[in-house]
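These notes are about the structure you will find just below.
So you know, we letter chains A, B, ... as the sequences are listed, proteins then strands, and number each from 1.
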Amino acid sequence: MNIQEVLTEKVKEAVESIFNIDLPTVEFQPTRKDFEGDITVVVFPILRFVKGNPALIGEQIGSYLKENVKEVENFNVVKGFLNIVISDAFYFHFFNDIKDTTNYGYSTVTNTDAVMVEYSSPNTNKPLHLGHIRNNLLGYSVAEILKASGKKVYKTQIVNDRGIHICKSMLAWQKYGEGKTPENTGLKGDKLVGNYYVKFDKEYKAQIADLVAAGTDPKAAEKDAPLMQEAQGMLRKWEAGDEEVVALWKKMNQWVYDGFEVTYKNLGVDFDTYYYESDTYLLGKDIVDEGLEKGVFYRKEDGSVWIDLSDEGLDEKIVLRADGTAVYMTQDIGTAIQRTKDYPDVNGMVYTVGNEQDYHFNVLFLILKKLGYTWAEQLFHLSYGMVDLPSGKMKSREGTVVDADDLMNDMTATAARISEELGKLEGYSDTEKQELYRIIGLGALKYYILKVDPKKRILFNPEESVEFQGNTGPFIQYTYARIQSILRKADFEYNTTVEPNGNEELHEKEKELLKQIQLFPGVVTSAAQNFSPALLANYTYDLVKEFNSFYQNVPILPEENLQKKIFRVQLSKKVGEIIKSSFALLGIEVPERM
RNA sequence: GGUGGCAUAGCUCAGCUGGAUAGAGCACCUGCCUUCUAAGCAGGCGGUCCUAGGUUCGAAUCCUAGUGCCAUCACCA
């Protein structure tokens, strides 16, 4: 039981005993640094039940607690705030309870329900960029956090491997590619294919310009341009299963997958299962019939099928075209249902998709609920803000994107430069150094992105954005490395339990650290409930700040009292474990040295 | 125009279900490396919490109305 739970009971007991009143809840907050105490009871809300002077009531409750609760050592009242000093013994006991717990803060799997987390889901016509990085980091991290909170998780993605945009790259390669391949150019497959997507756009725009110059209406020119006509022809052939087109499609998609695989590996993300749009794009039509029967959908005169969501404050939305072909929504309905068939233990899904699709997911979830699927109550759109550059939006076709591979390489290079300047890596081989630079560079990037509340937009300035000092990944990694250094040097038995015998006093910094450690399990839970890695990132930073203050103000290994020394080493070790656990949930590695 | 999101220090961000003088980092200024890694520590400077009303003992937080930025409202994906 943590201290807040203990005190809730005791404060109620106090109010019962002094005023003979049954108090429903007690409100706590951490005591502000400028007052003495560890935890504070806010007296004001109690005034609704007990009339009187808040300061006096605080005094009375405080006296009762000091008298009757062994954990309460002292108290003081400032205005309506009852500040309570908790005994060192309580914290000693707390620490001894958890010090040998592996995976402290994680919950074990408690129910059989699984949740499927979808993220990444790229188009296979261009390389991944910074926007995808945010998506991948968020999705991966939320999946890990859910696991740590006791859920079974399947990570998945739906690969957008078909459609007109894919045909554009294919056509451009066919026309202008001169037989170039990743093998004969040395180019990464996704990069090679992406170049032809850009090439298509360039040639296409030129054709439009020519047509417009010749007097064609701009709208019509977009449709009539020969390249667009050809691309659409190619899509029709693909849908008809034309051997040549399908072969080209397979070949070029494979190039892209090989390229993506490298990027995912460097980024440190993974998937348990994959869905491909080429397999799922026809799904959902049978569900439309089902929905018509149930009266969830209705058919208009022209044959198109709709759902009316105006009662929910939304509009009417089409779910099947008049010609009987599917729209995006149809496919998403079908895919969701397919997933619960493929993985029957799935009872909830998280979709990691940018906030530009908020409306789409509102509608999708409503439709699934109306169709009566129980798991539809457990759907969550992990909606996140765009990553913009100082120059504005990133646009693949215009080449104004921050490429994912380039960015990771740049980060690693920056980490290398800084590390070499500091020159602390004596004895490390070049391979070890390279690996370390990668860990630090990626740590900087990932932390920078994940520490921000997902729903907020990120303005990314490639020149100056990612830092290595202050509230950053490397600062936290550095603290971890410091702790490992202490553990390497602690050449004595420090694994024994230090029992408080009444003489040990906690140093103020130790106590602050213990309070912070106590918060970790709650933060994991709350990060899971809110689908927010940012909560974990910010917690870890606070913990690490506290540790560094401890480290620089309190002797650990030089401490002469053996019991104190042992306790401090154990405390440091535990902080290191929490940093490692927490960063693992963010997908960030920690180094032994740096 | 309808709907949704965001707005906190020069910059980047915290601020849990309303609670004490609004917190960090970067930048700028002071100190601290012959004791465990200075990617650090200790301190200073810096804020009409977008605006105006309202609810409350108490509002950055809740309500209303504005303003600004972004997204969305296609038989596009």
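- Across all strands shown, B:A38 forms no Watson-Crick or G-U wobble pair with both key distances under 3.5 Å.
- Between the side chain of A:Asp332 and the base of B:A77, no donor-acceptor pair under 3.5 Å is found.
- OP1 or OP2 of B:A77 lies within a sub-4.0 Å distance of a side-chain N or O belonging to A:Arg321.
- Rounded to an integer number of Å, the gap from A:Lys126 NZ to B:A77 C1' is 10 Å.
- Between the side chains of A:Thr31 and A:Asp38, no donor N or O sits under 3.5 Å from an acceptor N or O.
- The interatomic distance linking A:Phe475 (CZ) with B:U37 (P) rounds to 16 Å, in whole Å.
- Residue A:Arg457 contributes atom CZ, which lies 9 Å from atom P of B:U12 at whole-angstrom precision.
- A heavy-atom distance below 4.5 Å is found between the side chains of A:Phe520 and A:Ser582.
- To the nearest angstrom, C1' of B:U17 lies 14 Å from CG of A:Leu535.
- Checked against the 6.0 Å centroid criterion, the rings of A:Phe475 and A:Tyr478 do not qualify as a close aromatic pair.
- Sparse packing is recorded around CD of A:Glu560, with 12 or fewer heavy atoms of other residues, nucleotides or ligands lying under 6.0 Å away.
- Taking every side-chain heavy atom of A:Lys393 into account, B:A71 is the closest of B:A77, B:A20, B:A71.
- Using cut-offs of 30° and 60° for the angle between ring planes, the A:Trp238 and A:Tyr281 rings count as tilted.
- On the C1' atoms, B:C50 is 24 Å away from B:G25, given to the nearest whole Å.
- Close to B:A71, at under 4.0 Å from its OP1 or OP2, lies no side-chain N or O of A:Lys455.
- The aromatic rings of A:Phe361 and A:Tyr351 sit tilted, their planes meeting at an angle between 30° and 60°.
- Each of B:C36, B:A14, B:A77 was ranked by its minimum atom distance to the side chain of A:Ile486; first place goes to B:C36.
- Contact annotation for A:Asp34: base contact, defined as any heavy-atom pair under 4.0 Å involving a base atom.
- No side-chain donor-acceptor contact under 3.5 Å links A:Tyr298 and A:Asp308.
- For the C1' atoms, the distance from B:A38 to B:C70 is 42 Å, rounded to whole Å.
- Separating the C1' atom of B:G43 from that of B:C11 is a span of 22 Å, rounded to the nearest Å.
- A donor-acceptor pair shorter than 3.5 Å can be found between the side chains of A:Asn76 and A:Asn83.
- The ring of A:His165 has its center no closer than 6.0 angstrom to the ring center of A:Tyr197.
- Base pairing annotation: B:U3 forms a Watson-Crick or G-U wobble pair with B:A71, both donor-acceptor distances under 3.5 Å.
- Within the nucleic acid shown, A:Ser549 comes within 4.0 Å of sugar-phosphate atoms alone, with no base atom in reach, counting heavy atoms only.
- Under the stacking definition used here (centres under 5.5 Å, planes under 30°), the residue A:Phe81 qualifies as stacked on the base of B:A20.
- Close to B:U37, at under 4.0 Å from its OP1 or OP2, lies a side-chain N or O of A:Lys489.
- The CD1 atom of A:Ile418 sits 14 Å away from the C1' atom of B:C26 (whole-angstrom rounding).
- In this structure, NZ of A:Lys317 is placed 17 Å from P of B:U3, rounded to the nearest angstrom.
- Comparing B:G18 with B:U61, their P atoms are spaced 11 Å from each other, to the whole Å.
- Classified by interplanar angle (parallel below 30°, tilted 30° to 60°, perpendicular above 60°), the ring pair A:Phe460/A:Tyr448 is perpendicular.
- Considering only side-chain atoms of A:Val78, the nucleotide from B:U12, B:A20, B:A71 that sits closest is B:A20.
- B:C33 adopts a syn glycosidic conformation, its chi angle falling within 90° of 0.
- Counting to the nearest Å, the P atom of B:G5 and the OH atom of A:Tyr384 are 19 Å from each other.
- The P atoms of B:A60 and B:U48 are separated by 14 Å, rounded to the nearest whole Å.
- By the 5.5 angstrom centroid cut-off and the 30-degree plane limit, A:Tyr551 is classified as not stacked against the base of B:G40.
- You'll find that the side chain of A:Ser485 is closest to B:C36, out of B:U12, B:C36, B:C73.
- Comparing B:U37, B:C6, B:C41 against the side chain of A:Tyr478 picks out B:U37 as the nearest.
- Comparing B:A20, B:C41, B:U37 by their nearest atom to the side chain of A:Lys79 picks out B:A20.
- Searching all strands for a Watson-Crick or G-U wobble partner of B:U17 with both distances below 3.5 Å returns nothing.
- At a threshold of 4.0 angstrom between heavy atoms, the contacts of A:Asp323 with the nucleic acid are absent.
- Using a 4.0 Å cut-off between a side-chain N of Lys or Arg and a carboxylate O of Asp or Glu, A:Lys285 and A:Asp289 do not qualify as a salt bridge.
- At whole-Å resolution of the value, CE in A:Met228 and P in B:C76 are 13 Å apart.
- Between the side chain of A:Thr40 and the base of B:A20, at least one donor-acceptor pair of N or O atoms lies under 3.5 Å.
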Please produce a list of atom pairs where a protein N or O lies less than 3.5 Å from an N or O of nucleotides 22-25 of chain B.
from	atom 1	to	atom 2	distance (Å)
B:G23	OP1	A:Arg32	NH2	2.3
B:A24	O2'	A:Tyr541	OH	2.8
B:G25	OP1	A:Lys545	NZ	3.3
B:G25	O2'	A:Asn471	N	3.2

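- Comparing B:U37, B:G19, B:C41 against the side chain of A:Gln552 picks out B:C41 as the nearest.
- Residue-level contact check: A:Ser383 touches neither bases nor backbone, having no heavy atom under 4.0 Å from any strand.
- Rounded to whole Å, the C1' atom of B:A59 lies 10 Å from the corresponding atom of B:G19.
- Atom P of B:G10 sits at a distance of 48 Å from the matching atom of B:C76, rounded to the whole Å.
- Picking from B:U37, B:C36, B:A20 the nucleotide with the shortest atom distance to the side chain of A:Ala481 gives B:U37.
- In this structure, B:G43 forms a base pair with B:C29, meeting either the Watson-Crick or the G-U wobble geometry with both donor-acceptor distances under 3.5 Å.
- Comparing B:A7, B:C41, B:A77 by their closest approach to the side chain of A:Lys456 singles out B:A7.
- Proximity of A:Arg488 to the phosphate of B:U37: no side-chain N or O atom is located under 4.0 Å from OP1 or OP2.
- Rounded to whole Å, the separation between the P atoms of B:C73 and B:C16 comes to 32 Å.
- Between A:Tyr494 and A:Phe492, the ring planes are perpendicular. Angles over 60° get that label, and only those under 30° would be called parallel.
- In a base pair of the Watson-Crick type (N1 to N3 plus N6-O4 or O6-N4) or a G-U wobble (N1-O2 and O6-N3), with each distance short of 3.5 Å, B:U12 is matched with B:A24.
- Taking a pair to require two hydrogen-bonding distances under 3.5 Å in either a Watson-Crick or a G-U wobble arrangement, B:C50 pairs with B:G66.
- Toward the 5′ end of RNA chain B lies the nearest nucleotide of A:Asn83, the other residue of the pair A:Asn83 and A:Lys509 mapping further downstream.
- Nearest nucleotide to the side chain of A:Glu27, out of B:U21, B:G19, B:C13: B:G19.
- Across all strands shown, B:C76 forms no Watson-Crick or G-U wobble pair with both distances under 3.5 Å.
- Where A:Leu320 and A:Tyr359 meet RNA chain B, the nucleotide closest to each residue was compared, and A:Tyr359 sits on the side nearer the 5' end.
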